[in-house]
Each structure stands twice: as C-alpha cells, then as structure tokens.
Amino acid sequence: ALERGEFLLHYQPIIAMAGGEIVGAEALVRWRRESGQMVSPMDFISIAEESGLIVPIGAWVLKAAAARAREWNVDGRRQLSVAVNLSARQFRDPNLVEMVRQALAEPGLAPRLLHIEITESTVMHNAEEAIAALLALREIGVRISVDDFGTGYSSLSYLKRLPVNHLKVDRSFVKDIPGDSDNVAITRAVIELAHSLELEVVAEGVETDAQRKFLLDQGCDYAQGYLFSQPIEAEAFAALLAAPGKAVAQAKPRRRQPSPKR
Ligand code: C2E
Ligand code: MG
Ligand code: MG
C-alpha cells in the first residue's frame, strides 16, 4: 500500500469549546485499496504494528500531516495544529526523534503545531522509558497528548512526571453524558485532574449538543466529534477553514452517524 500510494489522511477538526473555532485537526490514516474499498485503521494498524511496517507507515503519516499543516498556516495568521497518532512500536523506535525532526524540517512547520498523540496504555506500559522518549520529543518543541485517557490505568505519580500538554478523554466516557451518572463523574474528575496538573483537556467523540454543553460547563478546553465534523479529506477540511460559518452550522445537533467499522 505504501509503494502504491494507497494511504491517505483524513482530518477531524478540533474545536475550542469556549469560542467554537477550529484550532487544529487530528490526522487519521485510511487505506484506499485498488478496488476503491476504504479500510479503517482499526483493521490494519495492529497488523502493521506486529509486522513492524508501522514504522515506515508512521513516517509517511508524520510527513504528510506536517506538510498539510504547513499549508493551513501558510499566511502566518492562523496557528492551526495537527495531531498525529503514534503507536507503541514507533514510540520504541530509536530513530523516532530524528524522524519527527525531519518531518517538521521539510515543510518548515513550527514544532509547537505538531501534537503527538500516544495512548495512555502505551505510556503506562513502560512509564520510565516513556518519560525518557517524551522528554526527547518535548525537547524539539512538539506538544504531547495522552490519547484514550481513562482506559489505561494511569499511575498518578507517573502522570505528574510526564512531560505532556493535553489529556484526551476517551470517547467511552463522553458517550452517554450527561445522562449516565458514572460517566458524568469520570469526565468531571478527568477534567479536574488535568487542570490541577496544568494540562488541557480534549473531549473525544462529542456527538450531541447536550454533551457539548455539559463539557463546556465543566470547563473542558477542546472537543472533537461528529457533532462538529467527521474526519474528512484534506480538501474538505481546507474548505471548512475557508468558510468558518459552515463549521458553526455543523455544530448544530445532527442525527447520529454510523460508527466507523470496528
Ligand atoms: P483515536 O486516535 O482515538 O481516534 C479517534 C477515533 O474516533 C477515529 O477513528 C475517529 O474517526 C473516531 N471518532 C471521532 N469522532 C467520533 C464521534 O463523534 N463518534 C464516534 N463514534 N467516533 C468518532 P478512526 O479514524 O477509525 O481511528 C481509529 C484509531 O486508529 C485511532 O483512534 C488511532 O488509535 C488509530 N489511528 C488512526 N490513524 C492512525 C495513524 O496514523 N497512526 C497510528 N499509529 N494509529 C492511528
Ligand atoms: Mg488519537
Ligand atoms: Mg482516542
């Protein structure tokens, strides 16, 4: 697929909760097969991890996302960030920092506009090693987000020491708020914990206006989800940036979209 150029990135807007404006996007990889069939990352990332192919795929993702973010910020007025997911295997790659550095240098993207997403379970699996790798990444100026937060048994003493900037509240907790009292309690606690550690919070999987309102009331900083937009092709994302009114229109409650194939 790499050789044939069959990978592409979709971008999902990340919204500032208070003002409703787009502050950046998460890059999500897709595999478009020769037949035109679109394959979800849920179906190939773990296989790519096992085979080690995630390293070259991940390098391609980083380069492509950084080049795209440079385009969004070409006139210097905007400061849109791009978030890229990193898998556990990439995280252990001794060449990681150099790869990130190169991906930034080629298009000339400011390092602070690249957000590296790493799941909580990857970080906590080997926390000492993770701290060292994250420190090296932070040294070049990129921002770090802990993805799927709440699902990975964080040790709070490690969390305090991790050089991270954002926690992304896992979609499973955002689901069913404000109706589900357990998820309400968890989401509230994560936001409070993050803020007391001086981290910002991104809520994943925001699908309804009731969820948006609740999260806004709790002081959540950013949100991402079908309520605002599904992950879309780069051209469509650029169009959304050019017509901010459209983003507001999309912020209205929508009928629930079918979940991506798991
Ligand atoms: P993730 O990083 O937690 O990404 C969020 C996933 O939630 C995306 O699924 C996105 O399409 C989906 N999503 C966003 N908003 C909503 C919503 O409102 N409702 C629902 N039901 N789903 C929503 P996607 O694109 O299928 O990606 C799945 C996972 O695959 C990602 O989870 C990430 O862990 C992994 N992945 C995607 N791209 C890459 C990549 O380039 N490299 C690596 N290593 N992993 C990737
Ligand atoms: Mg992510
Ligand atoms: Mg996530």
Side-chain angles (χ1 to χ4, degrees), residues 1-2 6-15 24-32 38-66 68 81-93 96 99-100 103 114-123 143-152 164 166-177 190 201-212 215 222-233 237 250-251 253-262:
L2 259 183
E6 291 180 351
F7 288 117
L8 70 154
L9 294 179
H10 279 180
Y11 296 89
Q12 185 175 38
I14 298 175
I15 313 291
E26 177 173 6
L28 294 155
V29 71
R30 304 285 180 263
W31 174 16
R32 183 158 42 206
M38 205 65 105
V39 187
S40 149
M42 304 300 285
D43 294 332
F44 66 83
I45 290 288
S46 59
I47 301 168
E49 274 240 321
E50 278 166 32
S51 65
L53 275 170
I54 192 67
V55 174
I57 296 173
W60 177 84
V61 169
L62 265 170
K63 274 191 180 181
R68 198 57 85 173
S81 58
V82 70
V84 172
N85 294 282
L86 225 66
S87 75
R89 176 77 172 248
Q90 288 174 279
F91 202 53
R92 290 197 307 266
D93 179 9
L96 174 67
M99 193 177 76
V100 172
L114 177 65
H115 296 187
I116 296 284
E117 292 194 4
I118 179 100
T119 65
E120 185 191 15
S121 39
T122 297
V123 173
R143 302 278 155 91
I144 316 277
S145 307
V146 181
D147 206 352
D148 305 344
F149 189 78
T151 63
V164 300
H166 313 103
L167 296 187
K168 295 189 82 169
V169 187
D170 191 65
R171 190 170 77 224
S172 59
F173 303 121
V174 172
K175 211 175 136 231
D176 305 327
I177 54 170
V190 171
V201 187
V202 186
E204 299 185 313
V206 179
E207 296 185 350
T208 68
D209 205 49
Q211 290 170 328
R212 184 192 65 79
L215 291 160
Y222 304 102
Q224 185 181 347
Y226 295 167
L227 174 66
F228 310 103
S229 168
Q230 296 221 359
I232 49 182
E233 290 198 23
F237 182 70
Q250 291 211 354
R254 283 187 177 192
R255 287 244 309 277
R256 214 190 134 111
Q257 305 278 344
S259 292
K261 199 175 133 241
R262 292 272 122 154

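One-based numbering, in listed order, for ligands and for the atoms of each. Residue numbers run from 1 in the order of the sequence given.
We find the CD-CD1 distance between E49 and I54 to be 6.0 Å, quoted to the nearest 0.5 Å. Here CG of D148 is found 5.0 Å from OG1 of T151. Values are rounded to the nearest 0.5 Å. Once rounded to the nearest 0.5 Å, the distance linking CD of E204 with CG of L167 reads 11.0 Å. Interatomic distance, CG of D170 versus CZ of F149, reported as 10.5 Å (0.5 Å rounding). If you take CG on L96 and CG on L86, they are separated by 5.5 Å, rounding to the nearest 0.5 Å.
At a heavy-atom cutoff of 4.0 Å, ligand 1 is contacted by no atom of I57, backbone or side chain. Counting heavy atoms closer than 4.0 Å to ligand 1, residue V61 contributes side-chain atoms (C-beta onward) but none from N, CA, C or O. By the criterion of a heavy-atom distance under 4.0 Å, both the backbone and the side chain of S87 are placed next to ligand 1. Here D147 has side-chain heavy atoms under 4.0 Å from ligand 1, and that is the only part of it that gets that close. Only the side chain of I45 comes within 4.0 Å of ligand 1, counting heavy atoms alone; its backbone N, CA, C and O stay farther away.
Closest approach between the Mg ion (ligand 2) and any N/O/S atom of E117 involves OE1.
Every atom of ligand 1 is numbered from 1 in the order shown, and the set under 4.0 Å from a heavy atom of Q12 is 14 (C), 15 (N). Heavy-atom proximity to E204, at under 4.0 Å, picks out these atoms of ligand 1: 3 (O). The contact set between ligand 1 and G225, taken as ligand atoms under 4.0 Å from a residue heavy atom, comprises 15 (N), 18 (O). For ligand 1, the atoms closer than 4.0 angstrom to any heavy atom of D148 are 3 (O). Interface of P231 with ligand 1, defined as ligand atoms under 4.0 Å from a residue heavy atom, comprises 11 (O). Close approach of ligand 1 to V206 is summarised as follows: ligand atoms under 4.0 Å from at least one heavy atom of the residue are 18 (O). The atoms of ligand 1 that sit less than 4.0 Å from any heavy atom of E207 are 17 (C), 18 (O), 19 (N), 20 (C), 21 (N).
The distance from the Mg ion (ligand 2) to the nearest N/O/S atom of S145 is not under 2.8 Å. Coordination check, E26 versus the Mg ion (ligand 2): passed, since an N/O/S atom of the residue sits under 2.8 Å.
R30 has no carboxylate O lying under 4.0 Å from a charged side-chain N of E233, or vice versa, which leaves the two without a salt bridge.
With the Mg ion (ligand 2) as the vertex, OD2 (D147) and OD1 (N85) define an angle of 90°, rounded to 10°. The angle E204:OE2 - the Mg ion (ligand 3) - D148:OD1 amounts to 130°, with values rounded to 10 degrees.
Checking S145 against E117 by side-chain atom types alone, no donor-acceptor pair falls below 3.5 Å.
Counting only non-hydrogen atoms, the option in A65, A223, P41 that gets closest to atom 27 (O) of ligand 1 is P41. Relative to atom 12 (C) of ligand 1, the option among K175, R171, Q230 with the closest non-hydrogen atom is R171. With atom 37 (C) of ligand 1 as the reference point, the heavy atom nearest to it among L28, L9, L227 is part of L28.
Not a single heavy atom of G58 sits closer than 4.0 Å to an atom of ligand 1. The shortest heavy-atom distance from K168 to ligand 1 is not under 4.0 Å. Note on ligand 1: Q224 sits outside its first shell, no heavy atom being nearer than 4.0 Å.
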Walk me through it: do R68 and K63 pass the test side chain to side chain contact (heavy atoms under 4.5 Å, CB included)?
-> CA-CA 9 Å; R68 198 57 85 173; K63 274 191 180 181; over 6 Å; no

Please lay out, stage by stage, how Q90 and M99 fare under the test side chain to side chain contact (heavy atoms under 4.5 Å, CB included).
-> CA-CA 10 Å; Q90 288 174 279; M99 193 177 76; 4.2 Å; yes

Could you go through the side chain to side chain contact (heavy atoms under 4.5 Å, CB included) check for V202 and V169 one step at a time?
-> CA-CA 6 Å; V202 186; V169 187; over 6 Å; no

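Exactly one of H115, E26, E120 qualifies for a side chain to side chain donor-acceptor pair (under 3.5 Å) with K168. That residue is E26.
Taking the six-membered ring where the residue is Trp, W31 and F44 present perpendicular rings, their angle passing 60° and hence far from 30°. A perpendicular orientation is assigned to the rings of H166 and Y222, their planes being inclined by more than 60° (bins at 30° and 60°).
Contact of the R32 side chain with the F7 side chain is not registered, since no non-hydrogen atoms from C-beta on lie closer than 4.5 Å.
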